[in-house]
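If you're wondering where the values come from, they're calculated on a predicted model, not measured in any experiment. Throughout, protein chains are lettered first and strands after them, A, B, ... in sequence-line order, and every chain is numbered starting at 1.
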Amino acid sequence: MNAAASIDDVLAGLNPQQRQAATFGNEPLLIVAGAGTGKTATLVHRVAWLIAQGIEPGRILLLTFTRRAAAEMLHRADGLLRQLRHPGTTRVWGGTYHAIATRLLRRYGKAIGLPPEFTVHDRADSEDLLNVVRTELNLAKTDKRFPKKGTCMSIYSRCVNARQKLEQVLADSYPWCNGWKEELGRLFDAYVDRKEAASVLDYDDLLLYWDALLADSQAGQTVCKLFDCVLVDEYQDTNALQADILYKLCPEGKGLTVVGDDAQSIYAFRAATVRNILDFPKYYPNASLVALEQNYRSTQPILQAANQVIAQAKERFTKNLWSQRAEGERPLLVHCEDDADQAEFIIHRILEHRETGVELRRQAVLFRASHHSILLEAELARASIPFHKFGGLKFVETAHVKDLLAFLRLAENPRDVVAGMRLLPLLPGIGPGKSQQLMLMLQQAGGDFSTWSAWKPPAGAATVWPKFVGLLQGLVRTPDDLPAQVNRVRKFYGPLMETKYDRIEPRLRDLEQIELIASRYPGRRQMLLELTLDPPSSTQDLAGPPLLDDDYLVLSTIHSAKGLEWDVVYVIHAADGNIPSDMATRNPLEIEEELRLFYVALTRAKNHLYVCYPLRYYHSRYGDQHSYAQLTRFLPNHVLTCFAQRVTGPDGEEAEGDDSDSASIDAHTTSRAVRRQTKDLWD
DNA sequence: CTGTTGAAATTTTTT
DNA sequence: ATTTCAACAG
């Protein structure tokens, strides 16, 4: 056995700035860390250093953007601590704001009148409840169209998270809803009442109640005293409410460390604000700032391109990243004929890279919107290239999975109207009207399902009804053996599902999956909670950790690629309208955010970077009509000098491209479309 | 009150 | 392509 390492040995791998940050004292600290500058390593070392200094692990709070990030950091910190012969990080509080809020509220929520058995609604559930209220208030049928539930929810959520008045939110972000101010106010009032009556919290409530808990003179003290150190990752993507929570949690910033990069702020749509990081020194006058600018990830040519792209941003804190990895080729801008051509080019390149030893898992395809990869997914399947998609619609968000989970949720919390309103209409002869009536009955009976036994169902439901009630009663009686519970629900719901959907085979398999993963959770409540707070981000997550020799390509939305890196990165659909998204070009602020998003995509690449865009988009609705795309506005000519360029041929073969000189393209390209398109490059 | 049908509107990123 | 809404038949 080797002797235990000293803390200096452990810190030896860090550069001076990183070390300064990792070993900084108790005053508030802002670490501005550009992409790939070893931000995670710094944070991990700081955790290890704090513990080595004698801070009790259970008194450290690590707030991250995803649970996965928290787990990875703590795992790495454990590795460092093992070198020091230290027991490790098991008791560190790590997780997202929402997950931590849940833990604290279960324990201390009583102090502010929150029953400890509350359940949590995800975004879709919240929208459903809001919709219930919307119809009750007769807002659904008005002479002019009232905003839809999704829009209402977004407005509500922005008010809460940005801590802004409805009036202001409407003026700033939803001008077309301006005429409904009074109605929206009534709607939100009623919505809040309903949540309270059902003992249900939505995502925003988790933060609101945490904040309220801290504001309470007694409970607030208790919670504050739990932690000596609070470390916050991805601070540029926190919102005003989250900043308030930190402010209360760490009076005068004592023990507070935040890490972020204003150039990578991409969650404004969720009310995150760059102001949190930009104004940190104002909030905490005794704060220190450490900037990390040496990039260890990418080659200099890739970095140069990324720097040029982000240089177009209007307001920035900082900073030009530099790398010692001068070698390497320029990123390649690929002009493709159409979507199919783009897919073909990428598959070709993926296989080429794999032949030279870059495993699939070291390569990633990134895109703006989840549906941008549909065609590529089909082609990958055809080429037998395994892949793993992150982002987009989650497994637990599909209708049949939600149905199944609704059984468990209703058993867990009989006052959960959304779960009930989802389940009851599944039965024949029962629609929204009867469902509402039944939920009212249940509520008056104090959540005792036997009140439903006495109810006389319509003829169509005569046989299923007793079984349905029996099932729920059984679930309430035996909350322990989770897989068995899921199995019983599956037996009941399976046949029902067959009458509701076609193509049921894959859906039936999904239900089996749930039964399998159920055994991983200690109980029903934990499973429901974890599935709403941290839904598996891809179907493969459900199958458990992938086998070691299992090699798969990564497909991901740019948002879900945050914080990750790959040897080879392909950014696809880099056409104006997709990047930036047409949906996000209403005001300059949104466009700025799209620019940062593009920057995030580019800076994921270590050695090879491809940016592809199809010249032609087909519109299935009108036969074979198509339109021509413009290259993303974020690559104007002066930025293009950082790229090599290539044009692919109509049949997917790569035509001769000019790889050596700046923004010029070979004139002998046969496609008229290409020529029309390239004209813009010289403007 | 339920369930079906057809027409109309909307279309992103996520805890 | 998918979701939402209104109209109508049982």
Side-chain angles (χ1 to χ4, degrees), chain A residues 63-70 95-102 120-127 131 134-135 140-142 145-151 153-154 157 160-161 176 201-207 210 234 237-239 241-242 265-272 366-372 374 390-394 396-397 399 424-438 457-461 499-500 529-535 537 556-562 573 577-586 590 593-594 596-598 600-601 619-621:
Chain A
L63 289 166
T64 55
F65 205 70
T66 62
R67 264 256 310 276
R68 207 165 83 216
T96 61
Y97 274 88
H98 297 83
I100 298 292
T102 311
V120 178
H121 272 180
D122 68 11
R123 169 70 186 243
D125 299 329
S126 310
E127 282 181 11
N131 204 34
R134 196 176 78 131
T135 16
K141 59 176 277 286
T142 41
R145 294 171 28 76
F146 191 75
K148 304 212 298 201
K149 63 178 178 185
T151 313
M153 193 69 230
S154 303
S157 196
V160 171
N161 285 294
W176 64 92
L201 302 191
D202 61 24
Y203 285 145
D204 304 329
D205 287 333
L206 290 171
L207 301 181
W210 185 3
E234 310 281 11
D237 284 322
T238 55
N239 60 42
L241 178 52
Q242 289 167 320
S265 158
I266 54 175
Y267 277 86
F269 71 91
R270 212 170 82 186
L366 307 182
F367 34 86
R368 173 66 177 84
S370 178
H371 67 260
H372 288 162
I374 292 174
F390 294 87
L393 191 69
K394 305 252 171 61
V396 289
E397 287 162 359
L424 291 164
L426 291 172
L427 306 176
I430 298 180
K434 288 206 171 67
S435 299
Q436 204 175 351
Q437 208 182 307
L438 283 162
T499 65
K500 283 267 184 257
L529 202 62
E530 291 202 20
L531 285 181
T532 45
L533 287 184
D534 188 32
S537 48
S556 175
T557 59
I558 301 174
H559 282 90
S560 294
K562 186 174 151 90
H573 289 292
N578 291 328
I579 304 176
S581 165
D582 270 336
M583 253 67 68
T585 44
R586 308 192 122 264
E590 284 184 339
E593 171 142 321
E594 297 284 304
R596 295 191 295 266
L597 194 60
F598 188 51
V600 167
H619 306 287
S620 50
R621 200 148 14 141

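In this view, A:A70 and A:T64 satisfy the side chain to side chain contact (heavy atoms under 4.5 Å, CB included) rule, not counting sequence neighbours. Applying the salt bridge (Lys or Arg N to Asp or Glu O under 4.0 Å) rule to A:K562 yields the partners A:E234, A:D237; only residues at least two apart in sequence or on another chain are considered. Residues passing the side chain to side chain donor-acceptor pair (under 3.5 Å) test with A:D202, sequence neighbours excluded: A:Y191, A:K195. A:D122 pairs by the salt bridge (Lys or Arg N to Asp or Glu O under 4.0 Å) definition with A:K402, not counting sequence neighbours. A search for side chain to side chain contact (heavy atoms under 4.5 Å, CB included) contacts involving A:T135 returns A:A140, not counting sequence neighbours. Not counting sequence neighbours, the partners of A:R123 by the side chain to side chain contact (heavy atoms under 4.5 Å, CB included) test are A:E127, A:M153, A:S154, A:Y203. Applying the side chain to side chain contact (heavy atoms under 4.5 Å, CB included) criterion to A:E397, with sequence neighbours excluded, gives A:L393, A:K394. Residues forming a side chain to side chain donor-acceptor pair (under 3.5 Å) with A:H372 (at least two apart in sequence, or on another chain): A:N578. Among residues two or more places apart in sequence or in another chain, the ring pair (Phe, Tyr, Trp, His ring centres under 6.0 Å) test is passed with A:F65 by A:Y267.
Using a 4.0 Å heavy-atom cutoff across all strands shown, A:P428 reaches sugar-phosphate atoms only and no base atom. A:P458 comes within 4.0 angstrom of no nucleic acid atom, judged by non-hydrogen atoms across all strands.
For the pair A:H573 NE2 and B:dT11 P, the computed distance is 19 Å after rounding to whole Å.
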Protein-nucleic acid N or O pairs under 3.5 Å, nucleotides 12-15 of chain B:
unit_1 : atom_1 : unit_2 : atom_2 : d
B:dT12 : O2     : A:R368 : NH1    : 3.0
B:dT12 : O2     : A:R368 : NH2    : 2.2
B:dT12 : O4     : A:M583 : O      : 3.4
B:dT13 : OP1    : A:S370 : N      : 2.8
B:dT13 : O4'    : A:R368 : NH1    : 3.2
B:dT13 : O2     : A:R368 : NH2    : 3.2
B:dT13 : O2     : A:H559 : NE2    : 3.4
B:dT14 : OP1    : A:T557 : OG1    : 3.2
B:dT14 : OP1    : A:S560 : OG     : 2.9
B:dT15 : OP2    : A:K394 : NZ     : 2.9
B:dT15 : O4'    : A:R270 : NH1    : 3.3
B:dT15 : O3'    : A:T96  : OG1    : 3.4
B:dT15 : O3'    : A:H98  : ND1    : 3.4
B:dT15 : O2     : A:H98  : NE2    : 3.2

Short heteroatom pairs, N/O only, protein and nucleotides 8-10 of chain C, under 3.5 Å:
none

What are the atom names and distances for every N/O pair under 3.5 Å that joins the protein to nucleotides 2-5 of chain C?
unit_1 : atom_1 : unit_2 : atom_2 : d
C:dC5  : OP1    : A:R134 : NH2    : 2.7

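Taking the C1' atoms as reference points, B:dT12 lies 24 Å from C:dC5, given to the whole Å. Rounded to whole Å, the separation between the P atoms of B:dT13 and C:dT4 comes to 16 Å.
Closest heavy-atom contact between A:S581 and A:E594: N-OE1, 2.9 Å.
In this structure, the ring of A:H559 has its center no less than 6.0 angstrom from the ring center of A:F367.
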